[in-house]
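Down below is the structure, laid out as structure tokens.
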4 protein chains.
Amino acid sequence: MADEMDEWLASLLRLSDEDDKMTDKQIKIIQAAVEIFAEKGYAATSTSEIAQKAGVAEGTIFRHYRTKKDLLISIVTPVMAKLVAPFVLRDFNKVLDSHYEHFEDFLRAVMRNRLDFVVKNAPIIKIMLHEIPFHPELQRQFREKVFPQVADRVVRIVQRFQDRNELVEMPPFALLRMAVSVMAGYILTRSLILPDDDWDDEAEIERAVAFIMHGLTPANH
Amino acid sequence: MADEMDEWLASLLRLSDEDDKMTDKQIKIIQAAVEIFAEKGYAATSTSEIAQKAGVAEGTIFRHYRTKKDLLISIVTPVMAKLVAPFVLRDFNKVLDSHYEHFEDFLRAVMRNRLDFVVKNAPIIKIMLHEIPFHPELQRQFREKVFPQVADRVVRIVQRFQDRNELVEMPPFALLRMAVSVMAGYILTRSLILPDDDWDDEAEIERAVAFIMHGLTPANH
Amino acid sequence: MADEMDEWLASLLRLSDEDDKMTDKQIKIIQAAVEIFAEKGYAATSTSEIAQKAGVAEGTIFRHYRTKKDLLISIVTPVMAKLVAPFVLRDFNKVLDSHYEHFEDFLRAVMRNRLDFVVKNAPIIKIMLHEIPFHPELQRQFREKVFPQVADRVVRIVQRFQDRNELVEMPPFALLRMAVSVMAGYILTRSLILPDDDWDDEAEIERAVAFIMHGLTPANH
Amino acid sequence: MADEMDEWLASLLRLSDEDDKMTDKQIKIIQAAVEIFAEKGYAATSTSEIAQKAGVAEGTIFRHYRTKKDLLISIVTPVMAKLVAPFVLRDFNKVLDSHYEHFEDFLRAVMRNRLDFVVKNAPIIKIMLHEIPFHPELQRQFREKVFPQVADRVVRIVQRFQDRNELVEMPPFALLRMAVSVMAGYILTRSLILPDDDWDDEAEIERAVAFIMHGLTPANH
DNA sequence: AATGAATGAGGCTTCATTCAT
DNA sequence: CATGAATGAAGCCTCATTCAT
């Protein structure tokens with residue numbers, strides 16, 4: 001347990017320096033694996049294919065990652081960490097208090113930030129979404145490390161705005177689910193489903209925020 | 001092409017009589033495959049495992065489905081057809097006109113109906129979502145048969161309500177994406193992600209519809 | 001446990017009909033494996049080599065034996081059973097009483113019989129001797145099934161002859177160890193170590209029995 | 001050939017100074033290899049495992065021993081040499097003449113001495129017994145260097161005692177085989193097969209010598 | 001002398017598919 | 001129609017050995 005937590009924290013702290021301490025070949029292995037896992041899925045990807053694309057011998061993969069699944073986890077774990085990163089900054093609440101006067105400012109900031117993150121890590125996000133259901137180890141990471149970290153903090157924010165009567169009364173989780181659905185609906189469509197379409201991110205973000213805040217009923221209705 | 005289209009139409013027409021013309025063994029094969037594909041993913045499932053769970057010999061699978069991929073497609077294709085079914089009923093527009101005075105009535109009806117459908121076909125929906133990205137054949141079906149059939153029709157409905165000033169002005173696709181995100185967010189959470197939680201479907205549907213129509217801003221704000 | 005015992009008994013009962021119920025290919029696999037295991041040792045033998053010598057596809061081996069170790073155990077287990085067979089015949093004691101008036105008659109009979117058996121199964125005996133130290137499963141079989149079955153019975157015989165003052169007083173186990181050493185020394189030399197030398201089995205058996213009974217001191221000394 | 005012979009002689013001459021001229025790492029490699037070879041067998045042992053247990057890098061093993069088989073031979077060769085050592089002392093015959101009035105004195109001395117040696121070198125003896133059948137190089141060493149050296153000398157001793165009518169007339173080799181079987185039967189049981197049992201070596205040696213000399217027939221029979 | 005990353009051949013095993021029964 | 005033994009390609013992984021540092 002302690003070890004796992006350490007590793008987890010380590011990967012969090014290593015947020016800035018990507019590919020830290022990785023050998024040249026290791027980086028090429030990861031890059032190749034990400035590319036092919038995203039394209040064909042983990043189970044349908046062979047280690048020999050990864051080796052070939054990475055330009056290394058197949059045995060080299062197993063010097064760095066004990067098993068193929070280890071390789072998968074080494075790819076997904078860091079982006080899970082980065083997924084929660086903005087929410088676990090030490091002075092997250094302070095930042096919030098000072099920065100976001102209204103809930104929609106918060107929404108806008110989060111959506112912008114996470115859209116940027118997903119676009120930059122689209123292939124790994126795709127891998128993560130596809131493989132979490134099939135790998136208990138990844139589920140555990142998500143259930144224990146990602147979800148509570150984010151949910152707890154955001155629920156508190158929602159409640160604060162509900163107390164100020166800026167948001168409707170409703171179980172915070174339901175409220176969040178709907179707001180997140182809207183944002184995720186755009187982020188995933190734009191980065192994973194139809195990445196080749198032309199998108200006006202700023203306009204869409206504004207639209208999403210407005211929709212979340214005011215719904216589809218026209219003002220003069 | 002003609003053949004495929006025929007098959008597609010056939011599966012559409014076969015909507016009512018499930019498992020029509022299927023031998024007993026064939027049904028057991030499909031049932032076993034659905035169960036294991038959903039649990040472990042298509043690529044990680046072996047035909048021998050399916051045969052074992054279905055209680056048939058390995059060879060029997062290949063008597064009915066030429067390849068393992070054929071089996072997958074035979075599973076996913078009919079639910080794709082049923083996914084669009086309510087939108088391609090011959091007198092869809094008439095039904096709409098007569099039944100739904102307001103957009104939110106339409107939303108409610110669709111959400112109730114599709115939630116019911118997804119809950120009943122959860123494993124196959126899960127398979128579909130996971131495998132579409134990796135199988136061009138399934139992508140084609142979705143892109144050519146499912147999406148346009150539904151989108152065209154629903155866009156027209158949205159436009160009608162926009163003309164009546166019941167819905168805000170906005171590109172119908174964006175409007176739809178957001179509304180669908182909210183509904184899908186609930187439907188998938190409830191049926192695939194956390195199916196074991198207790199859910200009050202009616203309440204959640206009302207909440208979702210209200211959210212879509214009026215957003216999160218309180219009335220007295 | 002019950003299963004294992006059943007299997008064990010089954011292999012005992014199957015003593016007469018060798019290769020019972022085995023397919024043609026299965027027999028060829030076993031024959032090839034015995035030959036190569038004996039020649040190069042289990043660990044240094046590859047399954048592809050076995051397949052080649054057996055004239056089957058490598059996959060065929062694994063249809064019949066789940067693992068390479070299973071194959072080894074399937075080879076060694078039956079000869080372990082046959083090793084004890086003469087000692088666990090239902091009316092072993094009766095046979096003894098009626099047949100062998102003197103201990104040396106018993107020795108002669110056993111040595112003749114087991115020499116014959118080892119000569120006929122030399123390669124598997126060699127495999128067994130080499131692999132028992134490295135495979136706990138085989139050790140267990142020997143310790144639980146072979147050794148006690150034989151030792152208990154033979155100790156009783158020794159004691160009977162000691163009671164009649166036909167054998168010196170001495171812990172039966174020590175007495176047995178020495179007598180067995182002499183017999184095994186010949187049997188193994190003759191069948192495994194120098195099988196190509198010319199051996200006069202009858203003369204050597206007589207010599208061994210005389211040695212065991214009277215030692216090396218000349219009568220007139 | 002010359003080289004090999006030199007090496008052989010060298011290892012013989014090096015009898016007294018164990019691990020002579022070996023670097024610290026070399027000693028640790030040999031120790032680790034002996035331990036693991038004895039435990040799992042040569043073929044089932046990996047060089048990486050040896051390196052790890054020895055606390056050296058994998059490459060270091062190959063700096064000292066060109067191949068894994070070289071390592072095996074470097075381990076087995078010296079104990080083969082020591083196995084014959086007592087029989088090739090320069091004044092072996094003189095020693096014999098002066099020391100052992102009776103054959104049983106000789107037996108006792110040899111058995112005591114070799115038991116001691118085997119107990120002290122049990123793991124290597126085990127390796128030797130297991131690997132000789134699979135490595136022509138080791139067979140050659142045994143057949144050419146060990147066996148004749150010992151056999152020739154001991155046969156002469158036996159003949160001397162036969163001439164004195166202290167031993168029965170019989171081909172010296174057969175006589176030796178039986179005597180050696182009894183001694184080896186104890187030595188191997190005590191040191192390799194059941195080393196954890198309690199053994200009274202002196203009593204067992206006496207018993208073995210008495211058995212060899214007088215057999216199992218009671219004096220008063 | 002020592003290291004350990006890199007190699008690629010080869011090991012065991014699984015798998016989708018075929019075919020004689 | 002159904003079976004299941006047989007196949008051999010391919011998958012994941014290990015290993016002895018090499019070589020630049």
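Chain A is the first sequence line, chain B the second, and so forth, proteins listed ahead of strands; every chain is numbered from 1.
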* So what does the secondary structure string of DNA chain F come out as, 5' to 3', with Watson-Crick or wobble pairs under 3.5 angstrom, [ ] for crossing and | for pairs with another strand? -> .||||||||||||||||||||

* Asked: Can you list the residues that meet the side chain to side chain donor-acceptor pair (under 3.5 Å) rule with T67(B), with sequence neighbours excluded?
  -> none

* Residues in side chain to side chain donor-acceptor pair (under 3.5 Å) with Q139(A), at least two apart? -> none

* **Residue-level proximity of residues 127-135 of chain D to DNA chain E when a heavy atom falls under 4.0 Å** => none

* Under the salt bridge (charged side-chain N to carboxylate O under 4.0 Å, His left out) rule, collect the residues that match up with K40(C), sequence neighbours excluded. => E49(C)

* To do: Would you grab the first and last nucleotide of DNA chain F (5' to 3') that comes under 4.0 Å of any non-hydrogen atom in chain B?
  => dC1(F) to dG4(F)

* **salt bridge (Lys or Arg N to Asp or Glu O under 4.0 Å) contacts in which one or both residues fall within residues 52-65 of chain A, not counting sequence neighbours** => E35(A)-K53(A)

* side chain to side chain contact (heavy atoms under 4.5 Å, CB included) partners for Y65(D), two or more places apart -> M22(D), Q26(D), I29(D), I30(D), D70(D), L71(D), S74(D)

* Structure fact -> Expected list for residues 37-47 of chain A near DNA chain F, using heavy atoms below 4.0 Å, is T45(A), S46(A), T47(A)

* To do: On DNA chain F, check which nucleotide each of S48(D) and K25(B) is closest to and give me the residue with the more 5' one.
  => K25(B)

* **Listed partners of K126(B) passing salt bridge (charged side-chain N to carboxylate O under 4.0 Å, His left out), at least two apart** => none

* Would you mind reading off the distance between I50(D) atom CD1 and dT3(E) atom P, rounded to a whole angstrom? => 15 Å

* Asked: Can you name the salt bridge (charged side-chain N to carboxylate O under 4.0 Å, His left out) partners of K25(D), sequence neighbours left out?
  -> none

* **DNA chain F contacts among residues 59-74 of chain A, heavy-atom distance under 4.0 Å** => G59(A), F62(A), T67(A), K68(A)

